[in-house]
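Working notes, structure below.
Here is the naming used below: chain letters follow the sequence lines, and residue numbers restart at 1 for every chain. Bear in mind that the values here come from a model prediction, so they are computed numbers and not experimental data.
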2 protein chains.
Amino acid sequence: MFELDLRSRKPIYEQLIDKMKELIINEVLKPDEQLPSVRQLAQQLTINPNTIQKAYRELELQGFIYSQKGKGSFVNPISPGKDNEKIEQVKQELEKLLLEALYLGVQADELHALIKDLDASKGGGK
Amino acid sequence: MFELDLRSRKPIYEQLIDKMKELIINEVLKPDEQLPSVRQLAQQLTINPNTIQKAYRELELQGFIYSQKGKGSFVNPISPGKDNEKIEQVKQELEKLLLEALYLGVQADELHALIKDLDASKGGGK
DNA sequence: TAACTGTATTAATAATAATAGTACACTTAG
DNA sequence: CTAAGTGTACTATTATTATTAATACAGTTA
């Protein structure tokens with residue numbers, strides 16, 4: 001389910017966070033679906049449970065998952081209009097990247113087309 | 001010219017890279033304009049010259065600046081159609097962020113509007 | 001020549017990432 | 001209730017990376 005690059009300069013727990021976010025955003029992991037447990041995933045990836053926990057803690061902070069003692073960790077269903085801070089943050093990052101793309105010569109038309117495609121395939125599996 | 005957060009978890013040299021890219025992309029720093037020297041900027045920010053050098057080296061690798069022994073470091077004018085790898089990389093990051101925005105409920109229309117604004121103000125100062 | 005530039009190297013320290021081991025509280029199936 | 005699973009917390013240790021420090025060298029320019 002996960003592929004890690006142990007020799008990357010990017011910390012393992014950050015790679016985990018990115019992969020998880022990707023799976024959640026692409027709805028491979030559905031709302032309220034249970035994630036692999038800290039120990040189970042650690043064994044599967046042959047890394048330390050503490051590293052998994054660090055990733056899960058961060059994902060919970062960012063609002064992507066929720067955890068319950070004794071039960072497990074689950075995908076957090078988005079509550080519209082609730083994550084205003086997060087949305088603003090993402091918009092800011094987007095603005096920076098969009099400016100960079102335009103600076104590099106990417107045409108606005110191409111960006112519009114990209115959005116259109118992504119929006120169309122939203123929720124539609126892949 | 002630069003504001004650093006020394007107690008941030010983000011390394012100083014990465015903060016420097018981000019600030020520089022921002023200034024270059026927003027054309028506050030013009031093509032072929034000379035950047036502050038390694039030692040000068042280090043003294044101004046009261047950090048080590050090696051840290052500045054590390055940032056400059058990375059910026060050069062990423063194609064944003066070029067450096068010449070004995071002369072200085074300068075903003076690299078973009079050469080259209082040359083930075084294909086970089087463009088692809090930025091597009092990939094963009095796709096991830098756009099998906100996240102859509103997942104959080106941001107409307108496609110809003111994204112289109114954002115691009116339109118950014119594209120319109122391109123090169124027009126701020 | 002003198003005073004700038006970038007660049008390279010080595011060493012030491014500070015900060016962070018990752019592992020290891022243990023413990024506790026909670027949930028659930030038996 | 002018990003056993004085995006869950007998340008969570010904590011301390012300690014090691015490995016990796018970031019940062020500083022001090023030089024040194026090569027090129028440029030007034």
How many whole angstroms separate atom CD of A/Glu58 from atom P of C/dT16?
15 Å
For A/Gln43 and D/dT6, give me the distance from atom CD to atom C1', rounded to whole Å.
15 Å
Sugar-phosphate, base or nothing in reach of A/Arg9, heavy atoms under 4.0 Å:
nothing
Evaluate whether atom CD of B/Gln107 has more than 12 neighbouring non-hydrogen atoms of other residues, nucleotides or ligands under 6.0 angstrom away.
no
Closest of D/dT20, D/dT8, C/dG6 to the B/Ile47 side chain is D/dT20
Pick the nucleotide of DNA chain D nearest each of A/Val38 and A/Asn50; which residue has the one closer to the 5' end?
A/Val38
Nucleotide D/dT6, atom C1' - distance to CZ of A/Phe74 in whole Å:
9 Å
Using a strict threshold of under 4.0 Å (side-chain N to carboxylate O), is an ion pair present between A/Lys10 and A/Asp5?
no
Value in whole Å for how far the C1' atom of C/dA18 lies from CG of A/Leu41
15 Å
Measure the distance from CD on A/Glu14 to P on C/dA17 and round it to the nearest whole Å.
7 Å
Ignoring backbone atoms, test whether A/Thr51 places a side-chain nitrogen or oxygen under 4.0 Å from the OP1 or OP2 oxygen of C/dT19.
yes
Report yes or no: does A/Asp119 contribute a side-chain atom to a donor-acceptor pair with the main-chain N or O of A/Ile115 at less than 3.5 Å?
no
Membership question, hydrophobic clusters at under 4.5 Å side-chain separation (ILVMFWY): are A/Leu98 and B/Val28 in the same one?
yes
Rounded interatomic separation in angstrom, taking OH from B/Tyr66 and P from D/dT28:
14 Å
Ignoring backbone atoms, establish whether B/Ser37 has a side-chain N or O less than 4.0 Å from OP1 or OP2 of C/dT5.
yes
Under 4.0 angstrom between A/Lys54 side-chain N/O and C/dA17 OP1 or OP2:
yes
Counting only N and O atoms by type, is there a donor-acceptor contact under 3.5 Å from the side chain of B/Gln34 to the main-chain atoms of B/Lys71?
yes
On a plain distance test, is the side chain of A/Arg39 in donor-acceptor contact with the base of D/dG5 below 3.5 Å?
no
Result of checking A/Ile47, A/Leu35, A/Ile12 against A/Ile52 for side-chain contact (heavy atoms from CB on, under 4.5 Å)
A/Ile47
In terms of the nearest nucleotide of DNA chain C, which residue is placed more toward the 5' end: A/Gly70 or A/Thr46?
A/Thr46
When all nucleic acid strands are considered with a 4.0 Å heavy-atom cut-off, which category describes A/Glu60: base, sugar-phosphate, or nothing?
sugar-phosphate
In this structure, how many angstroms lie between the P atom of D/dA18 and the CD atom of B/Gln53, rounded?
15 Å
5' priority, DNA chain D, between A/Arg57 and A/Ser8 [closest heavy atom]:
A/Arg57
Can you find a side chain N or O atom of A/Gln68 that sits less than 4.0 Å from OP1 or OP2 on D/dT8?
no
Quick one: is B/Tyr13 getting a side-chain N or O under 4.0 Å of the D/dA18 phosphate, OP1 or OP2?
yes
Contact under 4.0 Å: B/Ser67 side-chain N or O vs C/dG6 OP1/OP2:
no
Between P on D/dT14 and CD1 on A/Ile12, what's the gap in Å once rounded to a whole number?
19 Å
Among C/dT7, D/dT20, C/dA25, which nucleotide sits nearest the side chain of B/Asn48?
D/dT20
Would you please confirm or rule out a distance under 4.0 Å between OP1 or OP2 of D/dG7 and any side-chain N or O of A/Lys71?
no
